[in-house]
Each structure stands twice: as C-alpha cells, then as structure tokens.
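See structure below.
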Amino acid sequence: MKLYSNEIVFRGHPDKVCDQISDALLDAYLKEDKSSRCGIEVMGGKNKIFITGEVTSKAKVNIENIVKRVLKDVGYNDNFEIINNLGIQSKDIALGTNDVVCGAGDNGMMFGYACRDTKEYLPTSMVILQKLSKAYDKIRKTDSRFLPDGKAQITGYYENNKLIKIKDFVICYQNTEKERNITDNILINICNEICKKYNISVEKYIINPTGKFLIGGFDADAGLTGRKIVVDSYQSFAPVGGGAFSGKDPSKVDRSASYMARIIAKDILKKNSKLSFVLVQISYAIGLKKPLAIYITSNIGDLPVPNNLYDKCSVSNIIKSLDLLNENYEKRAMFGHFID
C-alpha cells in the first residue's frame, strides 16, 4: 500500500472568501450584461478588501453591497473597508475576444479528469472532503461555537489507486474554544458518517494540532483570488492548468475549457467500461477560436481524439453548450468547481 494526501479549505478560509467575492461580482455583471468581460481579482486582510482587475460591461453593479453580502453569508462581519481598483479590459485583448471573433481570452492549457471511484466520477477522498466542507458550513450556521475559517486534509492508504483506509484525517477549524471536547466530537461524528457511506474507516483524527484556533479569517491571514486552484479542481489527483477560475467570464478558457474538459472526460469514461480514469488536456492561444491541441489519456493508454472535438471545444460552442452566461459561479467557488 502507498500513502497519498489531498486537502480542502472551508468556505470561510480567506482565499475561498476572495474567490466567492470575485464570482459574486462576476455573476452580477453577467446577469445585467451577457457581453461583460471580467477578470476580477480580490485580496483581503486586516479589515480591508481590495478589488482590482478588469471589467468591461454595461452593467451597473453595487460592488460594496455584494462584497458585504458575501462576507455576512460566509459568517464574517461586514465592517471592512472596500477599495475598488477595477479598470477596463485591454482593447488589444478585446480584438480577439469580442462577440464577433469569439477567440480565447488567453493562452494556456486546461485539464479535465474523471474516475470510477464514486458516483460523482471523482476520487473518494476528494468527495469525502467536499461533503465535510458542506456539512461544516451547515453546522456553522446553527451552532455558534463553530466559526467560519478552516481546512481539512486526508492521508489515505491506497491499493491499485483506490482508497482503502484513511490513516490521518486532519481538521483545522476555527471555533470559540468553548466545549472543545464536544465540538471536536461533533466533527468526528460527521466525518465518520460520511466515510461510512464509502466503507472507509479512519485510523486517526488530528484536530487543531497547534492546540487552539480562535483567531482566524482575515484577522489571522490574507486572502487572494485563485490561490486555491488545486482545491478548486482535483485536489492533486490530476494536473492543474496555469490559470485560476474565479472572477473570470467564460471567454477566459482557464475556466470554460476546464469545465468542458471535465465533461469530455466523464463522457468518455461512461462509454467505455475498460476505463478506470480519463484525463483530458486542451490548449489554446489568445484570440483564436479553436484549441491548438487536445490530448486524452487513460489507464489503458492514450485515446484517439474525435474529429469533431476541436469544433466542440471552440470558445463560442463551449459557452453556448454549457450555458455559461447563466451559470451560478459564486456557488461553484464555495466547495470546489467539480462536485458532480
């Protein structure tokens, strides 16, 4: 057996909060103007939220109200100074990404992954952590002893690339430090119930190993959009492209092509029972409509690329076929962009 680890951060982790703010703003721009071009970056820390990047849109968005709404929804107070440093998209970039040309918003390579471990076609330990993250957000809203910030990590025993047992289940969660024996046991029970559904046992829980986690969020750490790209995608079980997702409209292939690559991987996996996993890479050049290259591999080796896949993966077709101008991006930024 071999050991392998993966992790997730909770909604209240500062980096994840910045992702959610970026995507909440994106949602607001796209709701009013489907032609909006957005690349919104957020940094937070020490009672300040700094918003920068590029937006070209006809929409009128109340940035301060949206930022404060996200902060309160995540579980923080909204007593932050909000600094708006947004500019407009470069006209040079717009030459290749406008609604007539419909080219890719940047160079880059994107990955999609699917495996048979779970009904979600994702690795078991990844799904366990996603379910824990959702459960933590739910219990935080009903039990004031739990505070927003936190993360979790699984180190598991693997045989033939399948999770057999969890060696160490690490949970770091912000809390009031009142009745820790009770709150720790609540989380352990939640994890055990989740793991039971997958016939996975846990050898050892490691909870708040420093001994205390009272000060958290933006008081303890800075946050930045896109800094949790590995958590957002496949938690280290598959390669990750160079670009993050949040704050970017779907003309940015960092985001839209990653979503398409995941769907392609799932579709191929479902059609071939011999496959236990599928990995798809798609690469683009800024301003060009279609991919430069598509590569597909699996547990049985490289797979042929269907002739129609280059047309299917044109920027305009991805946006249209996945209805990405009407997507709820803020929701994707909460617990991972691939949860089913």
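All residue numbers refer to positions in the sequence shown, counting from 1.
- Between Lys68 and Glu64 there is a salt bridge, since at least one side-chain N of the basic residue sits less than 4.0 Å from a carboxylate O of the acidic one.
- Atom NZ of Lys141 sits in a crowded spot, with more than 12 heavy atoms from other residues, nucleotides or ligands closer than 6.0 Å.
- Taking a cutoff of 4.0 Å between a charged side-chain nitrogen and a carboxylate oxygen, Arg332 and Glu327 qualify as a salt bridge.
- Using a 4.0 Å cut-off between charged nitrogen and carboxylate oxygen, Asp249 and Arg255 do not count as a salt-bridge pair.
- In this structure a side-chain-to-backbone donor-acceptor pair under 3.5 Å is present from Arg262 to Asp340.
- If you check the side chains of Lys34 and Asn326, you find a donor sitting under 3.5 Å from an acceptor.
- Ion pair Arg145/Glu179 flagged as a salt bridge, since at least one NZ, NE, NH1 or NH2 atom sits closer than 4.0 Å to an Asp/Glu carboxylate oxygen.
- Note: the hydrophobic cluster containing Leu322 also contains Ile319 (ILVMFWY, side chain heavy atoms under 4.5 Å, direct or indirect links).
- For the pair Ser276 and Asn299, the tightest heavy-atom approach, listed with the atom from each and the gap, is N-OD1, 2.7 Å.
- Residues Lys290 and Asp311 are in side-chain contact: their nearest non-hydrogen atoms beyond the backbone lie under 4.5 Å apart.
- Salt-bridge formation is not detected for the pair Glu32/Lys58: no Lys NZ or Arg NE/NH1/NH2 atom is positioned less than 4.0 Å from an Asp or Glu carboxylate oxygen.
- By the 4.0 Å N-to-carboxylate-O rule, Lys228 lies too far from Asp232 to be salt-bridged with it.
- Residue Asn77 qualifies as enclosed at atom CG: its count of foreign heavy atoms under 6.0 Å is above 12.
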**OP:** List the steps, then state whether side-chain hydrogen bond (donor to acceptor under 3.5 Å, both in side chains) holds for Asp302 with Tyr295.
**Re:** CA-CA 8 Å; Asp302 295 347; Tyr295 170 72; 2.6 Å; yes

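- Side-chain contact check for Glu81 versus Asn47: every heavy-atom pair is 4.5 Å or farther apart.
- Leu132 places a side-chain heavy atom less than 4.5 Å from the side chain of Phe169.
- Counting only distance, with no hydrogens or angles, the side chain of Lys248 and the backbone of Ala244 share a donor-acceptor pair below 3.5 Å.
- The minimum heavy-atom distance linking Ala28 with Ile66 is given by the pair CB-CD1, 3.4 Å.
- In this model, no donor atom of one side chain and acceptor atom of the other lie less than 3.5 Å apart for Thr56 and Tyr29.
- Judged by distance alone, the side chain of Asn208 and the main-chain N or O of Thr210 form no donor-acceptor pair under 3.5 Å.
- Under a 3.5 Å cut-off, the side chain of Asn185 and the backbone N or O of Asn181 do form a donor-acceptor pair.
- For the pair Pro306 and Pro304, the tightest heavy-atom approach, listed with the atom from each and the gap, is CD-O, 3.5 Å.
- Checking Asn189 against Asn192 by side-chain atom types alone, no donor-acceptor pair falls below 3.5 Å.
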Subject >> Check against side chain to side chain contact (heavy atoms under 4.5 Å, CB included), Leu279 and Ile296 >> reply: CA-CA 6 Å; Leu279 176 68; Ile296 306 172; over 6 Å; no

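- Between Lys46 and Asp219, none of the side-chain N atoms (NZ, or NE/NH1/NH2) sits under 4.0 Å from a carboxylate O, so this pair counts as no salt bridge.
- For the pair Asn328 (side chain) and Lys331 (backbone), a donor-acceptor distance under 3.5 Å is present.
- Using a 4.5 Å heavy-atom cutoff, the side chains of Ser258 and Phe111 are not in contact.
- Closest approach of Ser321 and Met260 over heavy atoms only: OG-CE, 3.6 Å.
- Closest of all the heavy-atom pairs between Gly223 and Asp15 is CA-OD1, 3.3 Å.
- For Gln174 and Asp149, the side-chain atoms include no donor-acceptor pair closer than 3.5 Å.
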Original post:
How far apart are the C-alpha atoms of Asn6 and Leu129, what are their side-chain angles, what is the distance that settles it, and do they pass the side chain to side chain contact (heavy atoms under 4.5 Å, CB included) test?
Top reply: CA-CA 9 Å; Asn6 61 299; Leu129 289 182; 3.3 Å; yes

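- Criterion: ILVMFWY side-chain heavy atoms under 4.5 Å apart, direct or through other members. Under it, Val305 and Ile318 are part of a common hydrophobic cluster.
- Ile154 and Ser125 get closest at one heavy-atom pair: CD1-O, 3.8 Å.
- Of the N and O atoms on the side chains of Asp184 and Tyr173, at least one donor lies less than 3.5 Å from an acceptor on the other residue.
- In terms of modelled atom types and a separation under 3.5 Å, the side chain of Tyr284 and the main chain of Ala293 share no donor-acceptor contact.
- With a 4.5 Å cut-off on side-chain heavy atoms, Thr297 and Leu303 do not count as touching.
- Separation of the Tyr234 and Phe338 ring centroids falls under the 6.0 Å cut-off.
- Centroid-to-centroid, the aromatic rings of Tyr4 and Phe237 come within less than 6.0 Å.
- Counting only distance, with no hydrogens or angles, the side chain of Glu177 and the backbone of Phe213 share a donor-acceptor pair below 3.5 Å.
- Side chains of Asp23 and Ser246: a donor on one and an acceptor on the other come within 3.5 Å.
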**OP:** Using the salt bridge (Lys or Arg N to Asp or Glu O under 4.0 Å) rule, take Arg11 and Asp73 through it: C-alpha gap first, then chi angles, then the decisive distance, then the call.
**Re:** CA-CA 10 Å; Arg11 277 191 69 196; Asp73 188 54; 2.9 Å; yes

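- In the model, Thr155 has no side-chain atom that pairs as donor or acceptor with a side-chain atom of Asp168 under 3.5 Å.
- Here Asp27 does not pair with Lys31 in a salt bridge; the nearest charged N to carboxylate O distance is not below 4.0 Å.
- When the side chains of ILVMFWY residues are joined at heavy-atom separations under 4.5 Å, either directly or via intervening members, Val170 and Ile128 end up in two distinct hydrophobic clusters.
- In summary, Asp137 and Arg140 engage in a salt bridge, as defined by a charged side-chain N under 4.0 Å from a carboxylate O.
- Within the 4.5 Å cutoff, the side chain of Leu269 has heavy atoms near those of the Arg116 side chain.
- With a 4.5 Å cut-off on side-chain heavy atoms, Ser57 and Arg37 do not count as touching.
- Between the side chain of Asn107 and the backbone N or O of Ile286, at least one donor-acceptor pair lies under 3.5 Å.
- In this structure, the side chain of Lys165 does not engage the main chain of Val202 through any donor-acceptor pair within 3.5 Å.
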Subject >> Lys289 and Asn317: CA distance, side-chain angles, deciding distance, side-chain hydrogen bond (donor to acceptor under 3.5 Å, both in side chains) verdict >> reply: CA-CA 9 Å; Lys289 296 180 181 180; Asn317 188 70; over 6 Å; no

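- A heavy-atom distance below 4.5 Å is not found between the side chains of Lys119 and Val127.
- Salt bridge absent: Asp78 and Arg69 never bring a charged side-chain N and a carboxylate O closer than 4.0 Å.
- Inspection of the Ser22 and Thr225 side chains reveals an N or O donor paired with an N or O acceptor under 3.5 Å.
- In the hydrophobic clustering of this structure, Leu224 does not group with Tyr76; members are Ile, Leu, Val, Met, Phe, Trp, Tyr whose side-chain heavy atoms approach within less than 4.5 Å, directly or through other members.
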Original post:
After noting the C-alpha distance and the side-chain angles of Ile166 and Cys195, does the key distance pass the side chain to side chain contact (heavy atoms under 4.5 Å, CB included) rule?
Top reply: CA-CA 9 Å; Ile166 294 173; Cys195 292; 3.8 Å; yes

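- Hydrophobic clustering, with ILVMFWY side chains joined whenever heavy atoms are under 4.5 angstrom apart, keeps Met43 apart from Leu86.
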Original post:
Under the side chain to side chain contact (heavy atoms under 4.5 Å, CB included) criterion, do Phe146 and Ile186 qualify, and how do the steps go?
Top reply: CA-CA 10 Å; Phe146 294 90; Ile186 288 173; 4.0 Å; yes

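- Using a 4.0 Å cut-off between a side-chain N of Lys or Arg and a carboxylate O of Asp or Glu, Glu203 and Lys167 do not qualify as a salt bridge.
- A donor-acceptor pair under 3.5 Å links the side-chain atoms of Tyr310 to the main chain of Ile294, judged by distance alone.
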